[in-house]
Amino acid sequence: MDKKFKAHNGIENLFWTALAIVLLIAIVLKLKDSSNIWANILYFTFTILFILSITIKEYVITDLNFIEIRFVLRLFSKNKRIPVGDILGIKKQKKNQIRIDLVRGFEILRVSPSDIDAMITELTDRNPRIKVIKEVE
């Protein structure tokens, strides 16, 4: 049974949504005075693909001990897998960010603030060697 945690990208999603709505409004206004129908169809298609490619993510800790970064609408996205065994340390950076130190490099995940503690607990249960670094305030 996979454990799912919601991603939380903060205010960035609102800005991208506003930009997509502005693009759609501009295209609808251009359709009224359609001088070049193919350009309008191209703009409209691009805007729809843009809206669908900005999707809500979720993090799933699978039974095979991977963290999968999944996209709810998978249009151009490929799920990313992080092995739990490669995690050396976890640190809360902000109220919705976790920094995961890996054997090679690090990864920053934006998790819903209500899911951060549950996710850290689940990861440390799966890999007891993970060091939880206390946040400095």
Side-chain angles (χ1 to χ4, degrees):
M1 177 163 217
D2 297 341
K3 296 243 181 168
K4 296 183 180 184
F5 302 95
K6 291 182 183 175
H8 179 69
N9 290 331
I11 200 156
E12 292 94 7
N13 281 349
L14 293 176
F15 289 130
W16 285 115
T17 305
L19 178 64
I21 290 171
V22 167
L23 282 173
L24 277 178
I25 290 171
I27 289 170
V28 169
L29 291 176
K30 284 188 89 174
L31 284 175
K32 286 186 178 181
D33 59 343
S34 59
S35 57
N36 188 353
I37 190 72
W38 291 110
N40 291 335
I41 290 173
L42 183 66
Y43 290 145
F44 188 75
T45 305
F46 168 74
T47 304
I48 296 300
L49 291 176
F50 177 75
I51 292 170
L52 290 177
S53 65
I54 301 168
T55 59
I56 301 169
K57 292 186 286 187
E58 66 182 4
Y59 302 104
V60 180
I61 302 175
T62 65
D63 288 336
L64 301 174
N65 283 335
F66 283 98
I67 297 177
E68 281 190 5
I69 302 171
R70 293 184 181 171
F71 291 83
V72 176
L73 295 175
R74 288 183 45 187
L75 187 62
F76 298 119
S77 58
K78 182 180 177 185
N79 291 345
K80 184 175 183 180
R81 301 177 89 186
I82 302 169
V84 173
D86 287 352
I87 299 175
L88 301 175
I90 297 176
K91 179 182 179 184
K92 286 188 207 178
Q93 285 195 321
K94 294 181 182 176
K95 67 176 183 174
N96 67 335
Q97 285 185 355
I98 297 176
R99 177 187 167 118
I100 296 179
D101 293 319
L102 303 170
V103 173
R104 293 182 191 93
F106 66 92
E107 195 74 38
I108 294 180
L109 305 179
R110 293 174 183 250
V111 186
S112 178
S114 60
D115 289 344
I116 285 183
D117 293 328
M119 187 175 202
I120 290 173
T121 304
E122 180 69 26
L123 288 172
T124 53
D125 287 347
R126 298 278 180 106
N127 185 359
R129 294 177 294 146
I130 297 175
K131 294 180 183 174
V132 179
I133 302 164
K134 300 295 181 194
E135 54 191 307
V136 178
E137 301 199 23

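Bear in mind that the values here come from a model prediction, so they are computed numbers and not experimental data.
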Undergrad: Is the shortest side-chain heavy-atom distance between Ile130 and Ile100 below 4.5 Å?
TA: no
Undergrad: When Asp2 is tested against each of Leu64, Thr62, Ile61 for side-chain contact (heavy atoms from CB on, under 4.5 Å), which residue passes?
TA: Thr62
Undergrad: Once rounded to the nearest 0.5 Å, what's the spacing between atom CG of Leu109 and atom CG of Asp115?
TA: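 The CG atom of Leu109 sits 12.0 Å away from the CG atom of Asp115.
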Undergrad: Should Glu107 and Arg99 count as an ion pair when the cut-off is N to O under 4.0 Å?
TA: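 No, this pair does not count.
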Undergrad: Should Asn65 and Arg126 be marked as a side chain to side chain donor-acceptor pair (under 3.5 Å) after you check the CA-CA gap, both sets of side-chain angles, and the distance that decides it?
TA: CA-CA 7 Å; Asn65 283 335; Arg126 298 278 180 106; 2.9 Å; yes
Undergrad: Answer whether the closest heavy-atom distance between the side chains of Ile98 and Arg110 falls below 4.5 Å.
TA: no
Undergrad: Looking only at heavy atoms, which two atoms of Ile87 and Leu102 are closest? And how far apart?
TA: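 For Ile87 and Leu102, the tightest heavy-atom pair comes out as CG1-CD2, 3.7 Å.
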Undergrad: Could you check if a side-chain atom of Ile90 sits within less than 4.5 angstrom of a side-chain atom of Lys131, using non-hydrogen atoms only?
TA: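 No, side chains not in contact.
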Undergrad: What pair of heavy atoms forms the shortest contact from Gly85 to Arg129, and how long is it?
TA: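 Residues Gly85 and Arg129, closest heavy atoms: O-NH2, 3.7 Å.
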Undergrad: Taking all atoms of both residues into account, what is the closest heavy-atom pair of Asp101 and Phe106, and its distance?
TA: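 Smallest heavy-atom distance, with atoms named: OD1-CB, 3.7 Å.
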Undergrad: Would you give the length of the straight line joining atom CD of Glu58 to atom NZ of Lys4, rounded to the nearest 0.5 angstrom?
TA: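 The distance works out to 5.0 Å.
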Undergrad: Is the closest basic N to carboxylate O distance between Lys3 and Asp125 below 4.0 Å?
TA: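 The answer is no: the pair does not qualify as a salt bridge.
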Undergrad: How long is the gap from CD1 on Ile120 to NZ on Lys92, to the nearest 0.5 Å?
TA: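 Output value for this atom pair is 5.0 Å.
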Undergrad: Identify the heavy atoms of Phe5 and Glu122 that sit nearest to each other, and give their distance.
TA: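 For Phe5 and Glu122, the tightest heavy-atom pair comes out as CZ-CB, 4.3 Å.
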Undergrad: Taking a hydrophobic cluster as the set of Ile, Leu, Val, Met, Phe, Trp and Tyr residues connected by side-chain heavy atoms closer than 4.5 Å, whether directly or through intermediates, do Val60 and Met119 fall within one such cluster?
TA: no
Undergrad: Does the side chain of Ile67 reach to within under 4.5 Å of the side chain of Leu123, using non-hydrogen atoms?
TA: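 Yes; the side chains approach each other to less than 4.5 Å.
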Undergrad: Indicate if Val132 and Ile108 have the same hydrophobic cluster label, given that clusters are the connected sets of ILVMFWY residues with side-chain heavy-atom separations under 4.5 angstrom.
TA: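 The answer is no; the residues belong to distinct hydrophobic clusters.
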Undergrad: State, to 0.1 Å, how close Asn96 and Ile116 come at their nearest heavy-atom pair, and which atoms those are.
TA: CA-CD1, 3.7 Å
Undergrad: Say you draw a straight line from NZ of Lys95 to OG of Ser114; how long is it, rounded to the nearest 0.5 Å?
TA: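 So the gap between those two atoms works out to 11.5 Å.
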Undergrad: Considering non-hydrogen atoms only, spot the tightest contact between Phe66 and Val84 and give its length.
TA: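 Closest approach of Phe66 to Val84: N-CG2, 3.9 Å.
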Undergrad: Run the salt-bridge test on Arg104 and Asp86 with the 4.0 Å N-O cut-off and return the result as yes or no.
TA: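 Answer for the salt bridge query: no.
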